[in-house]
Protein chains: 2
Amino acid sequence: MELRQLRSLTTLVEQNFNVSRTAEKLNLVQPAISQHLKQLENELGVPLFQRHGKRLIGLSQSGKEVLHYARKILSAAASLTAIGTEHQQQNHGVLRIGATHTQARYVLPAAIHRFRQIYPDVEIQLHQGTPEQLVNMAIKDHVDLAICTEALDKSAELSFKTIYHWNRCLIAPQQHPILQHKQITLKQLCEHPLITYIFGFTGRGNLNQTFKQASLQPQIALSAADTDVIKTYVREGLGIGIIAGLAFNESEDHDLQQRDLSHLFPWETTKIAYLNDKYLRTFQRRFIELFQQETQWISTKNSEQK
Amino acid sequence: MELRQLRSLTTLVEQNFNVSRTAEKLNLVQPAISQHLKQLENELGVPLFQRHGKRLIGLSQSGKEVLHYARKILSAAASLTAIGTEHQQQNHGVLRIGATHTQARYVLPAAIHRFRQIYPDVEIQLHQGTPEQLVNMAIKDHVDLAICTEALDKSAELSFKTIYHWNRCLIAPQQHPILQHKQITLKQLCEHPLITYIFGFTGRGNLNQTFKQASLQPQIALSAADTDVIKTYVREGLGIGIIAGLAFNESEDHDLQQRDLSHLFPWETTKIAYLNDKYLRTFQRRFIELFQQETQWISTKNSEQK
DNA sequence: AGAATTTACGCGGTCCGTAACCATG
DNA sequence: CATGGTTACGGACCGCGTAAATTCT
């Protein structure tokens with residue numbers, strides 16, 4: 001059994017069982033990959049693939065099991081090389097962060113700013129995507145750290161660290177009638193067209209849940225993937241917005257009014273995820289610490305009633 | 001990076017940094033191993049060893065980290081080949097069990113008997129040792145499953161399944177004065193010389209703890225690693241014995257009397273341990289199930305007051 | 001002096017690339 | 001017929017074994 005055979009297997013799966021593209025990706029030629037796969041199958045003595053003639057179209061049952069361990073092996077191998085570069089170039093390398101728009105725009109800047117001061121030679125890559133995509137990026141090791149609230153606990157292949165807790169606030173144009181109330185209720189929210197996150201994003205699941213449990217039917221006028229889009233439509237008068245409290249920015253959003261909603265909805269926990277047993281370089285661990293420090297204000301903001 | 005390099009590293013450590021013996025163990029010649037290690041060091045760019053001239057005497061700090069991941073890789077690689085043999089020889093193979101004497105003598109027989117009926121072609125190896133040795137066997141993958149009560153939770157590299165709960169009983173020769181009492185107390189136990197397990201074995205830790213908390217000083221006349229030795233000396237009149245309740249056998253031990261002591265000491269939990277993420281073949285998983293079934297009587301025996 | 005490790009060198013195996021040959025849709 | 005995969009073959013590389021040189025106890 002050779003590492004390159006396993007590498008061929010895993011990239012083959014990532015390339016949807018297209019052997020030619022797998023070869024390209026690995027800087028090899030087609031026959032080499034075919035040979036790897038054949039050797040692996042022979043040595044293990046198990047058919048790994050579902051075939052249609054010569055074409056590979058999927059994994060067999062044992063193929064899936066094999067893939068699981070192959071991923072483990074390659075991930076650990078990557079950790080080994082990481083230990084190497086860690087020693088050769090202490091404060092030098094790449095930090096690949098996966099985050100949603102809201103994280104990248106409202107939460108990460110402070111931590112990244114401090115991080116850059118400490119590690120000016122680390123290249124920071126900010127990969128954006130839906131929470132589901134982020135989980136996949138982390139599992140496939142396309143990012144080192146994935147930050148988000150939803151969907152992260154689904155995978156047993158990831159480890160987590162808790163970063164901060166947050167809740168929602170309401171935003172509305174100046175002098176909107178709903179702003180007359182000090183303490184807003186769920187029922188009042190249902191009297192106006194709402195603008196909030198689409199499902200799968202930023203706590204939308206628990207938001208739906210809360211209305212459902214109260215047997216209330218909110219009018220969702222529009223749902224969007226990120227806070228800036230929501231704000232835009234709130235400004236245009238399409239409705240009132242429900243966004244993450246941390247995404248309201250006093251100085252930028254002086255044309256909007258906000259009201260805390262943490263008495264209505266459950267608190268959400270934002271975590272940082274990375275592949276199980278992944279070797280984290282010093283600056284990666286350091287980033288997690290910084291991120292926790294720089295987001296403490298979120299957990300404490302408006303959270304007296306927590 | 002090549003698997004054989006990692007294999008050389010891990011066996012080198014197991015062979016106390018003796019390169020020649022490592023070579024023998026791997027059916028290679030010395031220079032081959034030296035080359036593996038040098039290549040690994042060069043590729044990672046990290047010194048892996050502490051050296052005294054040409055001799056290797058230990059791992060460097062990063063060497064330890066590297067070893068950790070190397071073990072992971074090789075363990076996963078072993079799982080891969082196990083998937084292979086599982087498919088080629090379904091009910092055929094080796095089941096390596098690590099157990100203490102007491103387990104092997106009093107608990108395992110029933111499960112092993114049933115197992116043999118179902119899988120006559122599986123070779124069963126019973127490796128005995130102290131709990132600490134068993135943990136090491138499991139971690140180094142010298143046994144597939146390790147059974148014992150103590151020391152198992154120490155290692156984060158092992159996974160556990162709970163099998164049964166047990167407590168102690170007193171054994172004494174016929175007509176020993178202590179047998180007059182129906183419900184024996186700690187204080188009464190201290191009035192006689194005791195014979196029980198040595199430290200590290202079969203719940204000896206919690207036994208000591210219990211006397212200490214009661215500020216009592218038992219007279220331990222003799223302590224032994226296994227139950228049969230204890231019984232022997234009890235028969236000779238050296239003192240009264242405290243053994244695991246499951247190790248009293250009505251038919252064999254008719255010359256001894258027993259009294260339940262589960263009201264005095266904490267219940268112990270016996271678990272089965274295996275290397276994290278180890279691929280368990282069908283018959284291995286099946287053995288765990290059988291073992292749980294065949295030991296249910298222990299958890300319920302005398303446990304009405306539990 | 002003997003045990004253990006490194007260096008030097010050559011053979012054999014094998015990995016991959018080229019090229020020609022099949023299969024699928 | 002075009003895209004994708006297998007078979008066939010040769011060159012380059014490299015891993016391992018033998019043997020001599022070196023270093024540690």
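Here is how names work: the chains are called A, B, and so on, in the same order as the sequence lines, proteins then strands, and each is numbered from 1.
- Within 4.0 Å (heavy atoms only), Glu2(A) reaches no atom of the nucleic acid at all.
- Rounded to whole angstrom, the span from the CG atom of Leu56(A) across to the C1' atom of dT24(C) amounts to 13 Å.
- Between Lys54(B) and dT25(D) there is no side-chain polar atom (N or O) within less than 4.0 angstrom of OP1 or OP2.
- Across the protein-nucleic acid pair, Ile33(A) atom CD1 and dT18(C) atom P stand 14 Å apart, rounded to whole Å.
- Inspection of the Thr11(B) and Thr22(B) side chains reveals no N or O donor paired with an N or O acceptor under 3.5 Å.
- Contacts of Arg55(A) with the nucleic acid, taken as non-hydrogen atoms under 4.0 Å apart, include base atoms.
- Between Arg286(B) and Glu289(B), at least one side-chain N (NZ, or NE/NH1/NH2) sits under 4.0 Å from a carboxylate O, which counts as a salt bridge.
- For an aromatic pair to be called close, the ring centres must be under 6.0 Å apart, and Phe287(A) with Phe283(A) fails this.
- In summary, the side chains of Asn276(A) and Ser159(A) do present a donor paired with an acceptor at a separation below 3.5 Å, with no hydrogens or angles considered.
- Note: CD (Glu43(A)) to P (dT14(C)) measures 12 Å, nearest angstrom.
- Among Ile147(A), Val143(A), Leu134(A), Asp144(A), the one residue that satisfies the side chain to side chain contact (heavy atoms under 4.5 Å, CB included) test with Ile97(A) is Ile147(A).
- Nucleic acid contact class of Gln39(B) (heavy atoms, under 4.0 Å, all strands): sugar-phosphate only.
- Contact between the side-chain N/O atoms of His52(A) and the OP1/OP2 oxygens of dG25(C) is not found at any separation under 4.0 Å.
- Between Gln35(B) and Gly53(A), the one whose closest nucleotide on DNA chain C sits nearer the 5' end is Gln35(B).
- For the 3.5 Å distance criterion, the side chains of Thr196(B) and Ser223(B) fail to qualify, holding no donor opposite an acceptor.
- Using a 4.0 Å cutoff on non-hydrogen atoms, the parts of residues 18-30 of chain A near DNA chain C are Asn27(A), Leu28(A), Val29(A), ordered by number.
- For the pair Leu40(B) CG and dG15(D) C1', the computed distance is 15 Å after rounding to whole Å.
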